[in-house]
Amino acid sequence: QITDDYYVPTTHFFAFNRARLKDDKKLQQRGVDAIENISSAAKNIPGFDCKTLIEPVRTIEEYRENPEDPKVTQKTVFDSLEEYAKSVTAKETFIIYSHSHGLKNYFNPEEPWGGLYLDKPGSDLPHKGITTWPQYAEKLLAIPAKTVVVLTMSCYSGGFVDYLKTIEDQWVDRESKKRNFLLITSQNSTEMSKAVRIEGKICNPFTYAVQKAFEGEADGYLSNKPDGKTTIEEFKQYILDTTHKYNPKAYPQFIGLYLPSTVLLTHPYQIPKLNQS
């Protein structure tokens with residue numbers, strides 16, 4: 001794409017949220033707000049192509065009165081990821097943000113890995129309706145983008161890091177191929193990812209950090225010299241530090257291999273114009 005006479009490769013950004021019907025409306029709304037706020041920031045970044053799947057706020061009673069199919073399920077999410085695996089090119093970037101409940105590793109004795117709540121639990125669904133980390137990882141690792149960044153907001157999401165350590169052979173060669181892979185989670189594998197009050201609003205500090213990074217706050221975070229370009233290292237470190245800053249009991253985790261100087265975000269108000277002849 002050409003933006004203000006400056007070439008910007010396409011970044012595919014995909015975000016989704018899923019709460020539980022038994023959650024109070026305020027908790028459900030935080031997930032909706034997270035997707036809307038982060039996506040709004042992403043849409044202002046040159047080269048970003050954005051897609052969202054938003055599960056609307058509703059009570060159990062409202063669902064019973066009008067039992068529409070949910071917008072966010074393992075199927076709808078995986079269908080989107082499979083489309084990205086077919087359409088994203090090896091020169092592009094893919095970033096995904098998820099906002100949902102999470103379960104611990106061994107949430108059942110026979111389930112060594114935790115995962116995301118994407119479906120209503122039912123006897124006809126494997127893993128009690130939980131999308132496990134191995135299932136999620138398989139879809140994400142199939143995306144052929146040059147740079148893949150996975151942002152996961154859920155309780156116990158550090159379990160995803162634990163799992164990826166056991167399958168390094170599936171992604172560790174990306175560095176030698178000049179590809180980038182990074183996962184950042186909102187919490188470790190043993191703690192809940194709790195909301196706090198920031199600037200007068202209740203939100204998850206990880207959500208806040210991602211939104212602000214997309215708005216350009218991570219630009220120059222390590223060098224103290226903003227230049228309109230946020231590197232993948234600045235992006236990662238800003239999110240880790242900002243999340244923990246606003247909630248000292250949040251211990252965001254990361255794993256991956258990447259070239260630290262890779263430019264992940266470019267901010268339009270600081271993009272240089274080409275000389276006009």
(message) Please determine whether side-chain hydrogen bond (donor to acceptor under 3.5 Å, both in side chains) holds for the pair Asn204 and Ser193, giving the CA-CA distance in whole Å, both sets of side-chain angles, and the decisive distance to 0.1 Å.
(response) CA-CA 7 Å; Asn204 189 277; Ser193 189; 3.0 Å; yes
(request) Apply the test side-chain contact (heavy atoms from CB on, under 4.5 Å) to residues His101 and Leu116: give CA-CA distance (whole Å), side-chain angles for both, the deciding distance (0.1 Å), then the verdict. (result) CA-CA 6 Å; His101 291 291; Leu116 301 176; over 6 Å; no
(request) Using modelled atom types only, decide if a donor and an acceptor are shared between the side chain of Glu191 and the backbone of Asn188 within a distance under 3.5 Å. (result) no
(request) Return yes if some donor-acceptor pair links the side-chain N/O of Gln187 with the main-chain N/O of Ser157 below 3.5 Å, else return no. (result) no
(request) Hey, could you give me the CG/CG distance between Asp219 and Asp227, rounded to the nearest 0.5 Å? (result) 5.0 Å
(request) Can you measure from NZ (Lys43) to CG (Asp49) and round to the nearest 0.5 angstrom? (result) 10.5 Å
(request) Answer yes if Leu240 and Leu183 sit in the same cluster of Ile, Leu, Val, Met, Phe, Trp and Tyr residues linked by side chain heavy atoms under 4.5 Å apart, and no otherwise. (result) no
(request) Say whether Gln74 and Thr131, considering side chains only, have a donor N or O and an acceptor N or O under 3.5 Å apart. (result) yes
(request) Give me the ring orientation class for Tyr163 and Trp113: parallel if the planes are under 30° apart, tilted from 30 to 60°, perpendicular past 60°. (result) perpendicular
(request) Flag the pair Thr11 / Ile95 as yes when at least one side-chain heavy-atom distance between them is below 4.5 Å, and no otherwise. (result) yes
(message) Please give me the minimum heavy-atom distance between Gly216 and His267, naming the atom from each residue.
(response) CA-CE1, 3.3 Å
(message) Between Ile54 and Lys71, is there a side-chain heavy-atom distance shorter than 4.5 Å?
(response) no
(message) Less than 4.5 Å apart, side chain to side chain, heavy atoms only: is that true for Leu140 and Phe160?
(response) yes
(message) Quick check on ring-ring contact (aromatic ring centres under 6.0 Å, His included): which of Tyr221, Phe254, Tyr208 does Tyr238 satisfy it with?
(response) Tyr221
(request) Evaluate side-chain contact (heavy atoms from CB on, under 4.5 Å) for Asn17 paired with Val32, printing each intermediate quantity in order. (result) CA-CA 7 Å; Asn17 73 289; Val32 174; 3.9 Å; yes
(message) Does any part of the side chain of Thr147, heavy atoms only, come nearer than 4.5 Å to the side chain of Arg179, both counted from C-beta?
(response) no
(message) As an exercise, state the distance from NZ of Lys146 to CG of Asn180, rounded to the nearest 0.5 Å.
(response) 7.0 Å
(message) Are Ile35 and Ile45 linked, directly or through intermediate hydrophobic residues, by side-chain heavy-atom contacts shorter than 4.5 Å (ILVMFWY only)?
(response) yes
(request) Take Phe16 and His99, measure what ring pair (Phe, Tyr, Trp, His ring centres under 6.0 Å) needs, and give me the verdict at the end. (result) CA-CA 6 Å; Phe16 64 89; His99 195 105; 9.9 Å; no
(request) Compute whether any side-chain donor of one residue and acceptor of the other, for Glu68 and Tyr63, lie under 3.5 angstrom apart. (result) no
(message) Counting C-beta onward and ignoring hydrogens, is there a side-chain heavy-atom pair between Thr73 and Leu118 closer than 4.5 Å?
(response) no
(request) Measure from the side-chain N and O atoms of Ser80 to the backbone N and O of Thr76, and report whether any donor-acceptor pair falls under 3.5 Å. (result) yes
(request) Would you check if there is a donor-acceptor pair between the side chains of His12 and Thr93 at a distance under 3.5 Å? (result) no
(message) If we ignore hydrogens and angles and just use 3.5 Å, is the side chain of Glu111 paired with the main-chain N or O of Pro109 as donor and acceptor?
(response) no
(request) Verify, without hydrogens or angle tests, whether Glu92 (side chain) and Ala145 (backbone) share a donor-acceptor contact under 3.5 angstrom. (result) no
(message) Are Ile232 and Phe13 connected into the same hydrophobic cluster when the rule is that any two of I, L, V, M, F, W, Y join if their side-chain heavy atoms are below 4.5 Å apart?
(response) yes
(message) Any non-hydrogen side-chain atom of Pro205 less than 4.5 Å from a side-chain atom of Ile198?
(response) yes
(message) Quick check against the 3.5 Å criterion: does Glu234 have a side-chain atom that pairs as donor or acceptor with the backbone of Thr231?
(response) yes
(message) On a heavy-atom basis, which atom in Ile255 and which in Lys165 lie closest, and how many Å separate them?
(response) CD1-CG, 3.4 Å
(message) Rounded at 0.5 Å granularity, tell me how far NZ in Lys128 sits from CG in Asp119.
(response) 15.0 Å
(message) Is there a path of hydrophobic side-chain contacts, each under 4.5 Å between heavy atoms, that joins Val77 and Val150?
(response) yes
(request) Examine distances only and state if a side-chain atom of Arg20 and a backbone atom of Asp23 form a donor-acceptor pair shorter than 3.5 Å. (result) no
(message) For a quick test of reading the model, state the closest non-hydrogen atom pair linking Thr243 to Ala250 and the distance between them.
(response) CG2-CB, 3.9 Å
(request) Could you tell me the separation between the OG1 atom of Thr152 and the CD1 atom of Ile96, rounded to the nearest 0.5 Å? (result) 7.5 Å
(request) May I ask you to decide if Thr132's main-chain N or O and Gln135's side chain share a donor-acceptor pair within less than 3.5 Å? (result) yes
(request) Walk me through it: do Leu21 and Thr59 pass the test side-chain contact (heavy atoms from CB on, under 4.5 Å)? (result) CA-CA 6 Å; Leu21 289 173; Thr59 64; over 6 Å; no
(message) Quick check: do Thr266 and Phe48 have side-chain heavy atoms less than 4.5 Å from each other?
(response) no
(request) Output, in order, the C-alpha distance, side-chain angles, deciding distance and verdict of salt bridge (charged side-chain N to carboxylate O under 4.0 Å, His left out) for Arg30 and Asp33. (result) CA-CA 5 Å; Arg30 283 206 291 271; Asp33 291 345; over 6 Å; no
(message) Give me the atom names and distance for the closest heavy-atom approach of Asn105 to Ser189.
(response) ND2-CB, 4.3 Å
(request) Scan Lys236, Glu175, Lys178 and name whichever one has a side-chain hydrogen bond (donor to acceptor under 3.5 Å, both in side chains) with Tyr258. (result) Lys236
(request) Give the minimum heavy-atom separation between Thr190 and Lys104, together with the two atoms involved. (result) O-CE, 3.8 Å
(request) Scan side-chain atoms only and decide if Tyr84 and Lys51 contain a donor-acceptor pair under the 3.5 Å cut-off. (result) no
(request) Spell out, as yes or no, whether a donor-acceptor pair under 3.5 Å connects the side chain of Asp24 to the backbone of Leu27. (result) yes
(message) Is the positively charged end of Arg174 above the ring of Phe181, judged by distance under 6.0 angstrom from the centroid and angle within 45° of the axis?
(response) yes
(message) Testing the basics here: between Phe235 and Ala218, what is the closest heavy-atom pair and its distance to 0.1 Å?
(response) CA-CB, 4.2 Å
(request) Only one of Leu151, Ile184, Thr52 passes side chain to side chain contact (heavy atoms under 4.5 Å, CB included) with Tyr97; say which it is. (result) Leu151
(message) Tell me if the NZ atom of Lys212 is crowded by more than 12 foreign heavy atoms within 6.0 Å.
(response) yes
(message) Starting from Tyr136, can I reach Val148 by hopping between I/L/V/M/F/W/Y residues whose side chains sit under 4.5 Å apart?
(response) yes
(message) Do Leu141 and Ile143 have side chains that approach each other closer than 4.5 Å (heavy atoms only, starting at C-beta)?
(response) no
(message) I'd like to know if the side chain of Arg18 and the backbone of Glu55 have a donor-acceptor N/O pair within less than 3.5 Å.
(response) no
(request) Please round to the nearest 0.5 Å and tell me the distance separating atom CH2 of Trp133 and atom CD1 of Ile167. (result) 12.5 Å
(message) For a side-chain contact (heavy atoms from CB on, under 4.5 Å) check, start with the C-alpha distance between Leu265 and Val263, then their side-chain angles and the critical distance, and finish with the verdict.
(response) CA-CA 6 Å; Leu265 314 176; Val263 175; over 6 Å; no
